[in-house]
Amino acid sequence: MTSPAIVKFIESLDSNLPRSVIFQKNIPLLAEAFHADEMRQILQNALFGPNNDRYSIVSCAPGKALYLPDHIINMQYQLKVLDKEKEQTSTTLINARLFQDVSRCKMYIDDTLSPIVARMNDRAEIKPFTSPVAMVDHLRMALSVFPIDGIIPTLVEATDPNKIAGILAKTLPEVLSGEFLIKDVRLDLAHYGRYERCVLRYSIDGIQSAIQTPRNMTVYGKVDVEGLGRLTLSILDALRERLKDPDVPYRFRIPNALGYFPDLKLLMMDALPGKPFFKELLKTWSGNKGPIRENEGALSQSGMTLEQAIRNCALIAATLHHSDIKLGPPKPLEMLFAQLREETKALGRTFPELRALIESWINEIVAFSQTYPAMPLCFSHGDFTYTQLIFDESGGGLVDFDSICQAEPAQDLGHYLAYQRLNIIKDQDPNAPFAPEAIEHLCALFLDTYIGASKGWISDEGLLRGRVAIYELITLIRLTLHSWEKMKGSRLRKTILLLEERVECQRQIHRSIKDQAS
């Protein structure tokens with residue numbers, strides 16, 4: 001049962017956090033930065049000039065805000081721009097960064113953004129703009145037209161079709177063998193997050209040499225400022241070798257890497273068939289309509305039920321953890337607690353009530369964790385969620401190896417369960433929410449399947465379940481922090497409610513253990 005104090009706190013939250021009383025009080029300029037109509041005119045003047053007769057912004061959609069620990073705010077604007085001369089509209093993306101003072105904003109433009117503009121040459125992306133980099137003084141806001149990104153400066157080269165075509169000509173196996181001739185490379189944004197990473201989709205048009213017919217291929221590129229792609233090459237090689245073992249719990253697909261290019265901080269990989277399964281299957285799942293039975297529910301395009309897909313996810317986790325691969329940095333529980341405490345500090349300036357609440361939860365979780373001894377570290381994904389697991393009719397695949405680490409097996413499992421619980425609550429029909437026992441059925445299915453596949457090397461099932469519960473709470477804390485950092489008021493409400501529910505469950509278990517001990 002949620003405490004009255006938590007209920008009252010949640011009711012005080014505004015779904016529109018950027019324009020809420022909390023942020024207006026502490027960051028008053030943020031409300032204007034999220035006002036679409038006002039920003040449309042501000043961006044028109046800053047990027048095109050006030051007297052531009054050819055180009056005009058017809059719509060402006062602010063979004064993807066991120067409050068950083070140094071009290072800088074990143075955000076983006078999706079613009080629809082009308083070219084009056086050609087009578088055509090196009091879309092473009094604008095990166096924005098709000099600083100605490102004008103001098104830091106100007107320094108960022110002069111020292112960071114302007115040198116990147118110099119590398120753009122005659123790129124088509126910036127031709128319509130009078131100023132592809134600009135400053136809005138009264139908002140202390142630095143603007144840059146994509147792909148100009150001060151956090152990921154090599155995006156300029158990674159989005160250059162001519163440069164990418166040259167790289168592909170030297171790395172794509174079909175080109176090297178003479179089977180395929182590249183004619184054109186087109187770019188799509190697969191995922192451009194709020195900070196430090198970008199996933200690009202390269203659509204390659206060409207000719208199949210033997211029969212002289214058109215063919216299209218897809219390659220993915222990931223750019224990140226930390227250069228994580230270099231380690232990914234070794235990870236993929238080690239995993240591919242491990243997956244040759246006939247006794248693995250589940251043989252899943254992984255991408256083939258075309259290479260890592262350190263000058264661009266770019267990792268290139270081929271595309272895996274399939275897509276994430278969870279949202280599609282949850283829409284038609286029958287678990288909320290009467291008694292829950294195994295193998296019930298609508299099938300996805302891959303021919304799987306929701307239950308079957310969740311089992312496969314558990315088997316993929318078991319395969320990773322039992323691989324004995326030694327790659328990735330260690331991430332023990334104590335490190336995660338330290339990271340949470342550090343991340344929580346940024347809340348103090350704008351939202352001290354939430355900071356106090358989260359710190360109290362962290363202290364409780366630390367106390368809970370002392371009941372269960374730490375387990376040995378093993379090869380772990382580090383961000384094991386259903387979005388990284390894709391399926392089609394031929395089986396499953398795993399993507400995104402940026403967070404690979406050596407961690408307790410419970411870390412991946414708790415992380416997965418936290419995301420599964422939250423996304424069931426977030427994506428369910430609000431008029432027909434799932435019963436608690438239906439949600440528990442799906443969570444138990446995942447963990448029970450993993451335990452069944454891991455009996456040969458995990459001897460203490462009770463210890464594993466206890467550690468999984470701790471890591472699930474840690475992920476829910478992080479999701480709560482991220483909801484605030486990304487200014488998602490509605491999701492913040494849901495994560496706080498779910499977190500309090502799971503903490504209360506552990507309180508009861510903790511009391512029971514203490515009673516038995518006494």
I'd like to check [X] versus [Y] (side-chain heavy atoms, cut-off strictly below 4.5 Å). Are they in contact?
X: L282; Y: F434; answer: yes
X: Y416; Y: I310; answer: yes
X: L492; Y: I496; answer: yes
X: S490; Y: R493; answer: no
X: L320; Y: I325; answer: no
X: L266; Y: I164; answer: yes
X: E501; Y: L498; answer: yes
X: I451; Y: R465; answer: yes

Could you tell me whether a side-chain N or O of [X] sits under 3.5 Å from a main-chain N or O of [Y], the two making a donor and an acceptor?
X: E307; Y: L442; result: no
X: S512; Y: Q508; result: no
X: R97; Y: I72; result: no
X: D427; Y: K279; result: no
X: D412; Y: H381; result: yes

State, without any angle test, whether [X] and [Y] hold a side-chain donor-acceptor pair at a distance under 3.5 Å.
X: S203; Y: N216; result: yes
X: S454; Y: H322; result: no
X: Y192; Y: N95; result: yes

Hey, is [X] close enough to [Y] for a salt bridge, meaning N to O under 4.0 Å?
X: E196; Y: K222; answer: no
X: E280; Y: K283; answer: no
X: E500; Y: R507; answer: yes
X: D448; Y: R311; answer: no
X: E504; Y: R511; answer: yes
X: D400; Y: R197; answer: no
X: R355; Y: E359; answer: yes

Restricting to side-chain hydrogen bond (donor to acceptor under 3.5 Å, both in side chains), what partner residues turn up for E334, sequence neighbours left out?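 Checked E334 against side-chain hydrogen bond (donor to acceptor under 3.5 Å, both in side chains); zero matches.
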
